[in-house]
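All heavy atoms count here, side chains included; hydrogens, waters and symmetry mates do not. Remember, predicted model here, so these are calculated numbers, not experimental data. Order of appearance sets the numbers: ligands from 1, and atoms from 1 within every ligand.
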Amino acid sequence: MAQYDYDLFVLGAGSGGVRAARMAALSGARVAIAEEHRVGGTCVIRGCIPKKFMVYASEFSQVFKAARAYGWSLGEATFDWKRFLEAKDIEIARLSGVYVTNLRNAGADLVHARAELTDAHTVSLPAKGESFTAEKILIATGGWPTLPLGLPGIEHAITSNEAFHLEALPGRILIAGGGYIAVEFAGIFNGLGVETTLVYRGANILRGFDDDVRAHITGELERRGIKVILGGEHTSLEKTGTGIVSRLADGPEVESDVVMFATGRAPNTKGVGLEAAGVAVGERGAVVVDDYSRTNVANIWAVGDVTDRINLTPVAIREGSAFAETEFGGRPTRFDHRDVASAVFSQPPIGSVGLSEAAARHGGSKIDVYRSVFRPMKSTFYGGEERMLVKLVVDQETGRVLGCHIVGPDAPEMIQMAAIAVRAGITKAQWDETCAVHPTAAEELVTMREPSAPRGLAMAGSGA
Ligand code: NDP
């Protein structure tokens with residue numbers, strides 16, 4: 001008789017956990033996976049996927065404007081938030097169902113309950129009064145939005161979790177934060193006709209991104225009608241008869257109908273039983289793991305946002321696969337976190353891979369920067385003022401392209417392709433050997449011949 005009930009017990013059925021559970025089960029292992037919410041995790045249920053549907057919904061306002069300029073006659077366009085939410089929820093339920101089916105088809109047992117560790121080999125399900133033993137355990141419990149709990153009136157604010165289910169579309173929204181979620185939701189609500197204010201505590205939004213990207217996107221958000229307040233630190237929120245008043249240190253008072261805080265996410269480790277199992281966490285509460293996602297406890301691993309490495313769905317999936325490949329496929333595999341591309345689905349969107357100009361300089365490299373700012377062809381047709389930015393950061397000595405950064409329509413699609421080249425370590429000369437695809441915005445990427453002036457001096461614009 002087997003010593004344990006399962007070969008693998010996974011806590012959390014999000015992107016990382018589901019991938020690992022499926023792969024392990026397909027290899028013949030006896031696998032269970034527990035999920036307290038709906039199967040799919042942040043990405044499917046309250047993140048990437050529903051967010052992207054909201055981005056699609058909100059982009060139509062721009063499309064209608066452009067359509068008129070291109071000769072279309074349209075009646076008055078109206079948007080039905082409730083109808084959109086219903087359709088979105090049906091699609092999310094379908095996708096969650098696909099995850100469930102895939103797990104079942106792989107032969108994994110799915111447990112709909114919160115699971116916690118009671119020791120290094122035992123998982124208990126308090127709501128069901130059951131417990132199971134497992135030889136190996138994978139913690140994939142993800143992350144959860146954090147709020148500055150000491151801020152007076154913070155109970156009046158929502159997070160992105162609630163933004164997916166608002167009863168009605170507000171007339172005015174204030175979004176606090178300057179990261180991915182804040183910038184993406186600012187674009188969504190603005191596109192849906194909501195008067196939108198973005199309040200960020202620092203000097204420039206999207207810390208960690210290339211400085212040209214940060215400056216450029218701020219200008220574009222403002223051009224589209226979002227009010228961006230930089231250096232704005234909340235001192236309190238107050239509910240009044242007409243809305244919620246945000247008070248900012250050294251700043252204006254802003255009244256809105258909804259206040260959304262997008263001020264980061266924390267590893268979801270509460271109630272997981274890490275202490276009971278002896279699993280160590282780091283300063284920010286993330287489970288500490290090595291390159292193979294193994295914790296300090298020999299039979300326990302962790303993948304995805306709970307480890308707070310790079311908090312992106314495809315990274316969690318790759319970490320989950322590497323774990324399953326190593327432990328159940330007999331092929332030691334670790335995921336290399338270098339040059340992971342990412343996209344911000346702001347409007348216009350951003351695609352970025354590799355080093356920013358500042359990071360490359362900070363790392364001691366002598367670099368050349370190739371930068372082009374131009375009006376995308378589609379909008380020049382109607383005299384649109386929006387600008388697109390493409391930028392390459394190139395190592396002077398080796399000629400290697402260290403980073404590629406794009407702001408503008410289809411940037412996320414372009415960066416996926418550029419990431420292959422950056423990841424492969426190609427040089428600017430090889431990049432330039434690639435013939436342009438015309439007429440596209442992406443051709444700017446392979447036609448920038450002269451290095452630009454260092455940042456702060458004149459921005460090079462190539463136009464056509
Ligand atoms: P981020 O870490 O990206 O941004 C958090 C923002 O909140 C920062 O601007 C930060 O400012 C600010 N902030 C933090 N604490 C406070 C505070 N107490 N008061 C005011 N402002 C504060 O977190 P997000 O919540 O936007 O997203 C979480 C993660 O989810 C991202 O890092 C990303 O990995 C992932 N994600 C990815 C997406 C994608 O791939 N498109 C989409 C959405 C999320 P400062 O910079 O000064 O610290």
>> Would Glu386 and Lys378 count as a salt bridge (Lys or Arg N to Asp or Glu O under 4.0 Å) here? Give the steps.
In response: CA-CA 10 Å; Glu386 53 264 47; Lys378 186 172 175 184; over 6 Å; no
> Is NZ or CZ of Lys136 both nearer than 6.0 Å to the six-membered ring centre of Phe323 and within 45° of the ring axis?
Replying inline: no
>> Applying ring-ring contact (aromatic ring centres under 6.0 Å, His included) as the test, list every pair that has at least one member in residues 271-293; sequence neighbours left out.
In response: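 ring-ring contact (aromatic ring centres under 6.0 Å, His included) check on residues 271-293 returns no pairs.
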>> Filter on salt bridge (charged side-chain N to carboxylate O under 4.0 Å, His left out), then keep only pairs touching residues 163-185, sequence neighbours left out; what's left?
In response: Lys51-Glu184, Arg172-Glu255, Arg172-Asp257
> Which residues satisfy the salt bridge (Lys or Arg N to Asp or Glu O under 4.0 Å) test with Glu283, sequence neighbours excluded?
Replying inline: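 Listed in chain order: nothing, the list is empty.
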> Phe345 and Tyr56: aromatic ring centres closer than 6.0 Å?
Replying inline: no
>> Show me, by chain and number, every protein residue that has a heavy-atom distance under 4.0 Å to ligand 1.
In response: Lys51, Pro148, Gly177, Gly178, Gly179, Tyr180, Ile181, Glu184, Tyr200, Arg201, Arg207, Ala262, Thr263, Gly264, Arg265, Asn311, Leu312, Ala343, Phe345
